[in-house]
Structures are given as C-alpha cells and as structure tokens.
Q: 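My structure is below; once you've seen it, I'll send some questions.
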Amino acid sequence: MSTTLTSVEAMAQAIVAAHRTTLALPLAPGAVAPAPASDDPVFVAALRAAHALGFIDADALCVARAWAHRARRTGQLDASHWPDEPADYGIAPHPREHAFAPCPEIGLYAVMPDADWTIRMARAGVPTVQLRFKSGDAQAIRAEVRATVAGVQGTGARLFINDHWQEAIDAGAYGVHLGQEDLQAMTPEGLGAIRQAGLRLGLSTHGYAEMLLADAHHPSYIAMGAVFPTTLKQMATAPQGTGRLRAYAALMRDTPHMAIGGIDLSNLPEVLSAGVRSVGVVRALMAEPDLDAAVARWKAALTPA
C-alpha cells in the first residue's frame with residue numbers, strides 16, 4: 001500500500017510540476033480534492049494533480065478520466081503531455097448524425113445588448129453578430145429579434161439570437177446561442193425544433209465538463225471563456241487564461257470554436273497564439289469612436305499572415 005501511495009503521489013507531483021506555469025489557477029479558499037471514484041493509480045494521481053492546479057471538481061474528474069484512459073491506451077504515463085485526444089475524453093468522432101447545421105469560420109463575433117448595436121456591428125462589416133437582449137417582456141423580445149433580423153439583411157452577417165430560440169426560428173435568424181443554464185433548461189423538443197428549422201446552435205462553456213456536455217449536443221460551434229477578467233457579467237468560474245484556452249482548443253480542434261471574455265486588440269496575440277482563430281468581443285468594439293476602422297483592424301488582426 002505504501003508503494004502505491006508513493007507512486008500516486010509521485011505521479012501527481014510530476015503532472016503538477018509539468019503544467020503549473022501554463023494551467024494553474026488559484027485554489028478556492030477551503031477547497032478539498034474530490035473523492036476518487038476509482039482505485040486506478042493514474043486516475044487518483046491525475047485527480048489530485050488537477051485539483052492542485054485549481055480545476056473545479058467537475059473539470060478535475062474529466063481530466064482524471066482522460067489521463068487514466070490514455071494511460072491504458074498507450075501503456076504509459078507521460079506527465080509532460082496534457083491529454084488532448086478527443087477519444088480519451090469520450091468525445092464522439094466526426095462526422096456525426098443529428099448534428100446541428102455547420103457554420104463557416106466565425107471570425108470576429110460581436111455580442112451586443114440590443115437591436116441597434118447589433119445592426120451597427122453588422123453594417124460595419126462584423127461577419128458574425130449576436131443579439132443578447134435581456135428582458136422579461138415577451139412582446140419586447142419578439143420586436144427586438146424581428147428588428148435585428150430585418151436590420152442585418154443584406155450585410156452578409158450571420159445573426160445568432162441569445163436564448164430566445166422560438167423567436168429566432170419565427171423571425172428567420174441564422175442561429176441560436178445558449179448559455180449553460182439556458183441549455184440545461186432546454187427540452188429535447190426545443191433543441192429538436194432548432195435543428196429541424198435549420199438554425200445553427202452555439203453553446204457557451206467554461207471548462208472541461210461544460211465542453212463535454214455541450215459537445216454531446218453536436219452544436220455548430222462552442223464558445224470557450226472567459227479567457228480574461230470581464231466586468232460585463234458575473235462569472236461563476238474564474239478567468240481561464242490562455243494556457244487553459246490552448247488546452248481547450250487542442251481538444252476541440254474538430255469542432256468550430258471561439259474564445260470570449262475580456263479580449264481586446266492588446267491581448268489578441270495571446271489568444272491567437274493559443275490556437276484560436278475566432279473571438280467574441282463586446283466592450284472592445286462598443287467603446288470605439290470609429291467603428292468601421294476598428295472592425296477593419298480586428299479583421300486584419302484575425303487574418304492569417
């Protein structure tokens with residue numbers, strides 16, 4: 001038993017040492033490592049390591065399963081190589097049946113609070129836009145969605161509607177975007193209606209567990225964040241940073257994806273270096289005095305050299 005414990009501890013320390021500088025986030029005060037659901041030494045070691053690196057429990061369990069699966073598949077533990085094979089996380093191969101309609105590379109993605117802002121972005125040349133209109137007034141929501149759909153026509157912009165999926169279907173939007181809470185509140189019938197109508201589906205994620213849940217619905221794209229601190233909304237998870245973004249992008253390489261959260265032109269090179277080519281932007285565009293020029297700069301920065 002002591003030999004096993006020493007081996008487990010040594011493996012955990014090796015994993016932490018190899019990835020501390022790129023993946024570690026501060027542990028939450030009083031955080032306790034989740035109890036292992038397996039006596040597989042690699043699983044136990046990876047679970048301890050993921051916890052020590054600051055992964056929340058649900059994500060730490062996903063990571064531990066992937067480490068254990070890869071060790072069984074390869075017959076060895078390579079502490080220096082963070083798991084990034086989709087099959088080790090249980091991700092289904094592509095192409096898939098019953099997938100939502102695909103969309104081309106997202107590129108610059110402006111997430112806006114109302115119809116006026118969304119239409120302005122589309123007319124300034126932003127290729128993908130999202131209306132994220134928050135209201136409890138069903139009539140106001142319907143009017144805002146219809147106004148946005150009408151306003152972006154002829155611009156070439158792909159319009160996603162956040163949350164209000166039935167209104168998006170009725171108005172003929174390009175797609176629907178759902179956050180994690182919205183996704184969990186959706187019925188199979190609702191998701192089926194979006195798919196049947198031919199609308200694209202985008203899903204927000206904030207770590208491994210949410211990525212795997214989102215991917216299981218075969219969406220058109222996955223949004224990964226928040227990368228950097230943002231004051232625009234209260235986040236349940238800490239900013240993930242570009243080290244984790246690189247790991248997420250590698251895992252989701254076969255699924256269209258984008259990064260979002262606190263991204264501006266000053267930190268965009270860090271995001272691009274993580275292997276992500278599409279980004280969601282809010283404040284960085286709304287604050288620009290010359291929107292057309294700003295959009296041109298962003299599109300140039302996102303264009304591969």
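In this text the structure is predicted, and so the values were computed from the model without any measurement.
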Q: Would you check if Pro102 and Ser220 make a side-chain contact, meaning some heavy-atom pair closer than 4.5 Å?
A: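 Heavy-atom side-chain distance check fails, nothing below 4.5 Å.
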
Q: Ion pair present between Asp40 and Arg72, side-chain N to carboxylate O less than 4.0 angstrom?
A: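 So Asp40 pairs with Arg72 through a salt bridge.
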
Q: Is it true that a side-chain atom of Lys134 and a backbone atom of Pro113 form a donor plus acceptor pair closer than 3.5 Å?
A: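 Side chain of Lys134 to backbone of Pro113: no pair is present.
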
Q: Are Glu9 and Arg48 within salt-bridge range, i.e. N to O under 4.0 Å?
A: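 A salt bridge is present here (some side-chain N lies under 4.0 Å from a carboxylate O).
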
Q: Does Ala238 offer a backbone N or O that forms a donor-acceptor pair with the side chain of His206 under 3.5 Å?
A: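 The answer is no, because no donor-acceptor pair under 3.5 Å joins these two groups.
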
Q: List the residues meeting salt bridge (Lys or Arg N to Asp or Glu O under 4.0 Å) with Asp84, not counting sequence neighbours, and say none if there are none.
A: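 Salt bridge (Lys or Arg N to Asp or Glu O under 4.0 Å) check on Asp84 returns nothing, list empty.
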
Q: In Å and rounded to the nearest 0.5 Å, what is the OH to CZ distance from Tyr208 to Arg244?
A: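 If I round to the nearest 0.5 Å, the distance is 8.5 Å.
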
Q: Is a side-chain donor-acceptor pair under 3.5 Å present for Arg123 with Thr155?
A: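 Note: Thr155 and Arg123 side chains miss the donor-acceptor criterion.
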
Q: Could you tell me how the ring of Phe160 sits relative to the ring of Tyr174: parallel (under 30°), tilted (30 to 60°) or perpendicular (over 60°)?
A: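 Plane angle over 60°, so perpendicular.
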
Q: What are the two closest non-hydrogen atoms of Arg20 and Leu53, and how far apart are they?
A: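 In this case the closest contact between Arg20 and Leu53 is CA-CD2, 3.8 Å.
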
Q: Atom OH of Tyr248 and atom CD of Gln240: how far apart are they, to the nearest 0.5 Å?
A: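 So the gap between those two atoms works out to 3.5 Å.
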
Q: One pair to check against side chain to side chain contact (heavy atoms under 4.5 Å, CB included): Ile260 and Met224. What are the steps and the verdict?
A: CA-CA 6 Å; Ile260 191 167; Met224 303 180 294; over 6 Å; no

Q: Any donor and acceptor pair, going by atom type alone, linking the side chain of Ser278 with main-chain N or O of Gly107 inside 3.5 Å?
A: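 Pair found, side chain donor or acceptor close to backbone of Gly107.
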
Q: Quick one: pull up CG in Leu203 and CG in Leu178 and give me the separation to the nearest 0.5 Å.
A: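 Going from CG on Leu203 over to CG on Leu178, the span is 6.0 Å.
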
Q: Applying the 4.5 Å side-chain criterion to the ILVMFWY set and letting contacts propagate, would Ile169 and Ile161 be lumped into a single cluster?
A: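 No; Ile161 is not reachable from Ile169 via cluster members.
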
Q: If hydrophobic clusters are built from ILVMFWY residues whose side chains come within less than 4.5 Å, do Val176 and Ile106 share one?
A: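 No; Ile106 is not reachable from Val176 via cluster members.
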
Q: Heavy atoms only: give me the nearest Leu268-Ala301 pair and the separation to one decimal.
A: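 Heavy-atom minimum between the residues: CD2-CB, 3.6 Å.
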
Q: Rounded to the nearest 0.5 Å, what separation is found between the OG atom of Ser135 and the CZ atom of Arg142?
A: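 Atom-to-atom, Ser135:OG and Arg142:CZ are 11.0 Å apart.
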
Q: Tell me whether Arg253 is salt-bridged to Glu85, with the criterion being a basic N under 4.0 Å from an acidic carboxylate O.
A: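 Looking at Glu85 together with Arg253, the answer is yes, because their closest N to O distance falls below 4.0 Å.
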
Q: In terms of hydrophobic clustering (I, L, V, M, F, W, Y; side-chain heavy atoms under 4.5 Å; direct or indirect links), are Leu61 and Ile56 co-clustered?
A: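 Shared cluster, no.
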
Q: To the nearest 0.5 Å, what is the distance between CE (Met121) and CG (Leu108)?
A: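 So the CE of Met121 and the CG of Leu108 are separated by 9.0 Å.
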
Q: Just so I know, are the side chains of Met258 and Thr128 near enough to count as touching, which here means a heavy-atom distance under 4.5 Å?
A: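 Side-chain contact under 4.5 Å: no.
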
Q: Check the orientation of His177 and Tyr109. Use parallel for under 30°, tilted for 30 to 60°, and perpendicular for over 60°.
A: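 Geometry flag for Tyr109 against His177: perpendicular rings.
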
Q: Carefully, step by step, assess Thr22 and Arg246 under the rule side chain to side chain contact (heavy atoms under 4.5 Å, CB included).
A: CA-CA 9 Å; Thr22 55; Arg246 179 184 295 277; over 6 Å; no

Q: Atom CE of Met211 and atom OG1 of Thr205: how far apart are they, to the nearest 0.5 Å?
A: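 Rounded to the nearest 0.5 Å, the CE-OG1 separation comes out at 5.5 Å.
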
Q: Determine whether a donor-acceptor pair (N or O, by modelled atom type, separation under 3.5 Å) exists between the side chain of Arg277 and the backbone of Leu302.
A: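 At least one qualifying donor-acceptor pair exists.
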
Q: So, for Ala171 and Val145, which heavy atoms are closest and what is the spacing to 0.1 Å?
A: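 So the two residues come closest at CB-CG1, 3.9 Å.
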
Q: The test is side chain to side chain contact (heavy atoms under 4.5 Å, CB included); show your working for Gln130 and Thr118 and say whether it passes.
A: CA-CA 7 Å; Gln130 181 189 133; Thr118 308; over 6 Å; no

Q: If you compare all heavy atoms of Pro34 against all heavy atoms of Asp57, which two are closest, and at what distance to 0.1 Å?
A: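 Closest approach of Pro34 to Asp57: CD-OD1, 3.5 Å.
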
Q: Would you mind reporting whether Met186 and Trp165 have side-chain heavy atoms less than 4.5 Å apart?
A: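 Result yes, sub-4.5 Å side-chain heavy-atom pair found.
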
Q: Just by modelled atom types, is the Met252 backbone N or O under 3.5 Å from a matching donor or acceptor in the His257 side chain?
A: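 Pair found, side chain donor or acceptor close to backbone of Met252.
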
Q: Looking at Arg297 and Glu288, is there a salt bridge between them, counting it only when a charged N and a carboxylate O are closer than 4.0 Å?
A: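 Answer for the salt bridge query: yes.
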
Q: Does His94, at its NE2 atom, have more than 12 non-hydrogen atoms belonging to other residues, nucleotides or ligands within less than 6.0 Å?
A: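 More than 12 within 6.0 Å, yes.
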
Q: Tell me the closest heavy-atom pair linking Ala60 and His51, and the distance in Å.
A: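 Closest approach of Ala60 to His51, heavy atoms only: CB-N, 4.3 Å.
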
Q: Quick one: does any side-chain atom of Asp59 pair with a main-chain N or O of Ala209 as donor and acceptor, under 3.5 Å?
A: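 Checking the backbone N and O of Ala209 against the side chain of Asp59, a donor-acceptor pair under 3.5 Å is found.
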
Q: Would you find a donor on one side and an acceptor on the other, under 3.5 Å apart, between the side chain of Asn267 and the backbone of Glu270?
A: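 Here the side-chain-to-backbone pair does not exist.
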
Q: Please check if the side chain of Tyr89 supplies one atom and the backbone of Pro83 the other of a donor-acceptor pair under 3.5 Å.
A: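 Looks like yes, one N/O pair under 3.5 Å.
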
Q: Please name the pair of heavy atoms, one in Ala122 and one in Val152, separated by the smallest distance, quoted to 0.1 Å.
A: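 Answer, listing the atom of Ala122 first, then Val152: CB-CG1, 3.8 Å.
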
Q: Would a 4.5 Å heavy-atom cut-off, applied to side chains only, mark Leu201 and Arg195 as touching?
A: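 Counting from C-beta outward, Leu201 and Arg195 never come under 4.5 Å.
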
Q: Determine, step by step, whether Leu131 and His164 satisfy the side chain to side chain contact (heavy atoms under 4.5 Å, CB included) criterion, reporting the C-alpha distance in whole Å, the side-chain angles of both residues, the deciding distance to 0.1 Å, and the verdict.
A: CA-CA 10 Å; Leu131 171 67; His164 309 302; over 6 Å; no

Q: Keeping the roles fixed (side chain from Thr242, backbone from Val271), state whether a donor-acceptor pair exists under 3.5 Å.
A: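 No.
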
Q: How about Trp298 and Ile263: do any of their side-chain heavy atoms sit closer than 4.5 Å?
A: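 The answer is yes, as the side chains (C-beta and beyond) meet within the 4.5 Å cut-off.
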
Q: Please answer: with hydrophobic residues joined when any side-chain heavy atoms are less than 4.5 Å apart, are Phe228 and Val111 in the same cluster?
A: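 Same cluster.
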
Q: Quick one: does Gln184's side chain get under 4.5 Å of Leu213's, heavy atoms only?
A: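 In contact.
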
Q: When you measure from the centre of the six-membered ring of Trp67, is the NZ or CZ of Arg70 closer than 6.0 Å and no more than 45° off the axis?
A: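 The answer is yes; both the distance and angle limits are met.
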
Q: So does Ser204 get a backbone contact from the side chain of Gln180, meaning a donor-acceptor N/O pair under 3.5 Å?
A: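 Looks like yes, one N/O pair under 3.5 Å.
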
Q: Answer whether the closest heavy-atom distance between the side chains of Pro104 and Arg158 falls below 4.5 Å.
A: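 Counting from C-beta outward, Pro104 and Arg158 do come under 4.5 Å.
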
Q: Could you state whether Val129 and Leu199 fall into the same hydrophobic cluster, counting links through intermediate Ile, Leu, Val, Met, Phe, Trp or Tyr residues with side-chain heavy atoms under 4.5 angstrom apart?
A: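 The answer is no; the residues belong to distinct hydrophobic clusters.
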
Q: What do you reckon, are the aromatic ring centroids of Phe55 and Trp82 less than 6.0 Å apart?
A: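 Yes, the ring of Phe55 comes within the 6.0 Å limit of the ring of Trp82, centre to centre.
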
